[in-house]
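Structure first, commentary second.
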Amino acid sequence: MPHIRIFLFVLLFLNCFSNLAVGQSEPVSESRINKLVKQAWNDFKDSNFEKSLITSRVALNYATAAKNNVLIAKSYKVIAGNYNELSEFDKAIFFYNKGLYYANKTNNDSLKYSLNNNIGNIYCFEKKQFDKGINYYKKSIAYSLKTNDISQVYFTNVNIAWAYFDIGRFREGYPYLKFVGNNIEKYGDESTEIIVYMLNGMYANFIDADDAANSYFLKAIAAGKNSDEQSDLSYAHLEYSKFLTKIKNYKEAYKHLVLFNEITEELYNQEKLKKASIAGFNLELDEYKRQIDKIENEKTSQSQSLKKSRIIVILFILISFILLFLIVTLIKNIGFKKKHNLELLQAKEIAEEASVLKTQFISTISHELRTPLYGVVGITNMLLEEHKELSQSQHLSALKFSARYLLSLVNDILQINKIEENKVVLENLTFNISDEISMIKNSLSFLSQKNNNKISVEIDEYIPEYLIGDKLRLAQILMNLVSNALKFTKDGEVEIIVKLDRIEGKFYYLDFLIKDNGVGIAAVDQNKIFEKFVQVGRKDEDYQGTGLGLSIVKRLLGLFGSTITLESDLGAGTSFSFVIPFEHDPLKTQKIIEDIEVDLTSSEIYKILIVEDNLINQLVTKKIIEKNNFICKVVDDGFGALAILEKEGFDLILMDINMPLMNGFETTKRIRLLGIKTPIVALTAFDKDEITDEAISSGMNDIIVKPFEPVKLFKILNYLITEAKNAG
């Protein structure tokens, strides 16, 4: 850049003299200026941004000299359009506003409409400042109505509806979509057909009219296949993918997401990147061109006296060639950098959108799996408590254990990235190793019977009765390894052997060995089996599974600071071994047991309100609450909660999050606006990390994730109710 400034100074200095050789120029007519504006606009439409910017700058200088506000505004509009196309959105807004300033000095309402509409487009769809953009759209509609151009009103209504729908404000956007629907036959065309069908699909999806939504999205995609508007077609695929994910048609959702990515990639082809990079450099030189034009206009009165100064003209030409050589060199360097920057920006945007969709998918699956598991765990507990004669039933105990294990497995599979980033924290619970392994053996009895296998257990007698550690993670490791051994063994035996390896202070290092005499694993495959989604030595008709089991085992052992060892031969069986330290501290064990076995009875009878739309979960939660002699009432949704709270008082409210009509956050906000200070606890299947910020900001006091331990629930209830009464 310093070299450019030096030569620019020389160039401008010489221009002060060389311009005198040109002669006094005549004023440029308005028709000539208008022709230049049209030429710049045509170059812009042909994606010749460099030429368009140069021509529009010349037109702007002439229009300014002529003091023609309409032509000044039009020139700024073309300049802004070029910057907008080159993704220089801040500069585009600046020049659109300059154009609007001059347009407002005229009576040209059509020009005012166009400028306001274009600014609205940038704020809504590029800057994501939707309220600001919609305000410009509404101004543009006012000017269209003045000119009685309903076709312009129609197109702007499409944009406003789309903007509102993009931020989930469907009810505000629907009147604009309704206007579009009423006028589509008269003013609609191929350029809006795809978008109108897509917006109707989005609104139908919002009101849960799934059949209508599906039909509209398919119409949008069909229209897009017969249109040149490939960008609009890509958005139709994206919104249809979101809808299919919502109705759990994940296979088709993924298919349309892939189509969206393919079209997006095609739109950003190399040719456009090349044009953008060249034009991008010209933006740096544009100010110099403007200064040169200004000097030419200001110094024309002196041009006659130096008309014959050949030496200065020749010198000017020579320096111009030198400057041109430097410019060409810089174009190559800057063009190369801009090209790669644009490619990186494109890749970043696609990756960010894919990440958002992945996060939404994981959150939805997590919630949908935890909700029925809450019912399974809760009803199993109810059976064990209400029918004491079943308390010794191995089947119910195995069912309860399997449900809890499945919950842990769901959490870890859906959050495997969390495990890899060491964000999973191990718990310290007291347990008996013999009881845990017996529970695993009983839970897998059906699988052992299927392949006519025997499970044998051998536990070192020197291992203490009670240990402290994360028994659920240990159970998950053993369940994966033992179930894997049972699947690949027929008419054989699976051994679970636990020996005391060594003692270091309070920590007992247990050596686990899971051994089978099944099919074995080939040496070439032994390094692959701990990778995600890998299954070896199997046929689809023989074995089932995700291929995640051993990958999860490896990562969970990493949390314990341990590694796994594999020994296997084809036809001779397989052995997995690992060592995990567990703490043995009788005093600490007793304290943990006392913390669990707390007295939850109370002389007072508390009144609890449950806000929950799932009937099974209503039953489970109500039974858990009433077991401790609490008074309990249940409502199906947020409106029901607001209605009953106007009539009755409660000591605490248990609030579900994912409810129809009005979710738990919105319900809590409205309760707080009524001045009700009753403690509110979110009882939800969402991951706690996902909703903590929103829960706190809405006015909730705590969060409990379903399924949960009843003892944890009552600890929180007693604490919050006591605290609220003391504060009162």
Side-chain angles (χ1 to χ4, degrees), residues 34 36-49 52-53 55-57 59-60 63 69-147 149-167 173 176 180 187 189 191-192 195 229 231-232 235 267 272 276 279-280 283 286:
N34 193 49
L36 286 170
V37 172
K38 289 181 178 179
Q39 180 61 48
W41 179 250
N42 290 332
D43 290 334
F44 164 73
K45 289 194 294 183
D46 292 336
S47 297
N48 194 344
F49 307 123
S52 176
L53 278 169
T55 306
S56 58
R57 285 292 192 181
L60 176 61
N69 290 328
V70 171
L71 292 175
I72 292 172
K74 287 183 176 180
S75 298
Y76 275 125
K77 177 185 171 185
V78 178
I79 293 169
N82 278 279
Y83 280 112
N84 184 25
E85 195 67 14
L86 296 171
S87 299
E88 295 277 353
F89 302 119
D90 289 331
K91 292 182 181 179
I93 290 173
F94 172 81
F95 285 110
Y96 274 134
N97 279 317
K98 291 279 285 185
L100 196 56
Y101 170 80
Y102 286 98
N104 287 335
K105 293 183 178 182
T106 73
N107 295 321
N108 193 326
D109 291 326
S110 179
L111 183 57
K112 296 174 190 176
Y113 155 80
S114 177
L115 289 164
N116 277 288
N117 185 72
N118 291 350
I119 297 173
N121 286 339
I122 296 178
Y123 275 118
C124 282
F125 299 110
E126 305 299 344
K127 305 285 284 184
K128 303 302 181 184
Q129 298 178 24
F130 292 94
D131 289 332
K132 203 167 185 179
I134 290 169
N135 186 47
Y136 276 102
Y137 278 145
K138 291 179 179 178
K139 288 181 182 178
S140 72
I141 288 178
Y143 288 119
S144 295
L145 292 173
K146 281 187 178 182
T147 62
D149 191 343
I150 306 302
S151 63
Q152 292 179 341
V153 176
Y154 172 87
F155 288 109
T156 305
N157 270 268
V158 172
N159 287 339
I160 294 177
W162 195 353
Y164 273 126
F165 284 13
D166 256 0
I167 53 177
Y176 298 94
V180 170
Y187 301 107
D189 60 17
S191 66
T192 60
I195 297 304
E229 297 293 332
S231 176
D232 294 342
Y235 289 124
L267 290 173
K272 191 162 187 178
L283 304 183
D286 194 64

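These figures come from a predicted structure and were not determined experimentally.
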Kindly assign one of parallel, tilted or perpendicular to the pair Tyr137 and Phe125, based on the angle between their ring planes and the thresholds 30° and 60°. tilted

Looking at OH of Tyr154 and CD1 of Ile150, how far apart are the two atoms once the value is rounded to the nearest 0.5 Å? 13.0 Å

Close aromatic pair by centroid cut-off 6.0 Å: Tyr76 and Tyr96: no

Kindly give the heavy-atom pair with the smallest separation between Val78 and Ser56, and that separation in Å. CG1-CB, 4.0 Å

Between Asn117 and Tyr113, is there a donor-acceptor pair closer than 3.5 Å when you use the side chain of the first and the backbone of the second? no

Is the positively charged end of Lys91 above the ring of Phe94, judged by distance under 6.0 angstrom from the centroid and angle within 45° of the axis? no

Do Lys74 and Asn34 come within less than 4.5 Å of each other through their side chains, counting heavy atoms only? yes

Residues Thr156 and Tyr176: side-chain donor-acceptor under 3.5 angstrom: no

Indicate the atoms forming the closest heavy-atom contact of Lys77 with Ser114, along with that distance. NZ-OG, 2.8 Å

Does one side chain, of Asn82 or Ser52, offer a donor that lies under 3.5 Å from an acceptor on the other? yes

Can you tell me how far apart CG (Leu111) and CG (Asn69) are? Round to the nearest 0.5 Å. 10.5 Å

State whether the side chain of Asn135 and the backbone N or O of Asp131 hold a donor-acceptor pair below 3.5 Å, judged by distance alone. no

Ile119 and Leu100: which non-hydrogen atoms are nearest, and at how many Å? CD1-CD2, 4.1 Å

Report yes if the distance between the aromatic ring centroids of Phe44 and Trp41 is under 6.0 Å, otherwise no. yes

If I take atom OG from residue Ser75 and atom CZ from residue Arg57, how far apart are they, to the nearest 0.5 angstrom? 10.0 Å

What's the spacing between Gln152 CD and Asn157 CG if we round to 0.5 Å? 12.0 Å

Nearest-0.5 Å distance, CD of residue Gln129 to CD1 of residue Ile93: 7.0 Å

With side chains defined as the heavy atoms from C-beta onward, is the minimum distance between Ile134 and Cys124 less than 4.5 Å? yes

Between the side chains of Asn84 and Glu88, is a donor N or O closer than 3.5 angstrom to an acceptor N or O? no

Ala103 and Lys112: which non-hydrogen atoms are nearest, and at how many Å? O-CE, 3.1 Å

Heavy-atom pair of closest approach, residues Gly99 and Ala73: O-CB, 3.3 Å

Write down the atom of Lys105, the atom of Tyr101, and the distance for their closest heavy-atom approach. NZ-OH, 3.2 Å

Just how far is it from atom CH2 of Trp162 to atom CD1 of Ile195, taken to the nearest 0.5 Å? 3.5 Å

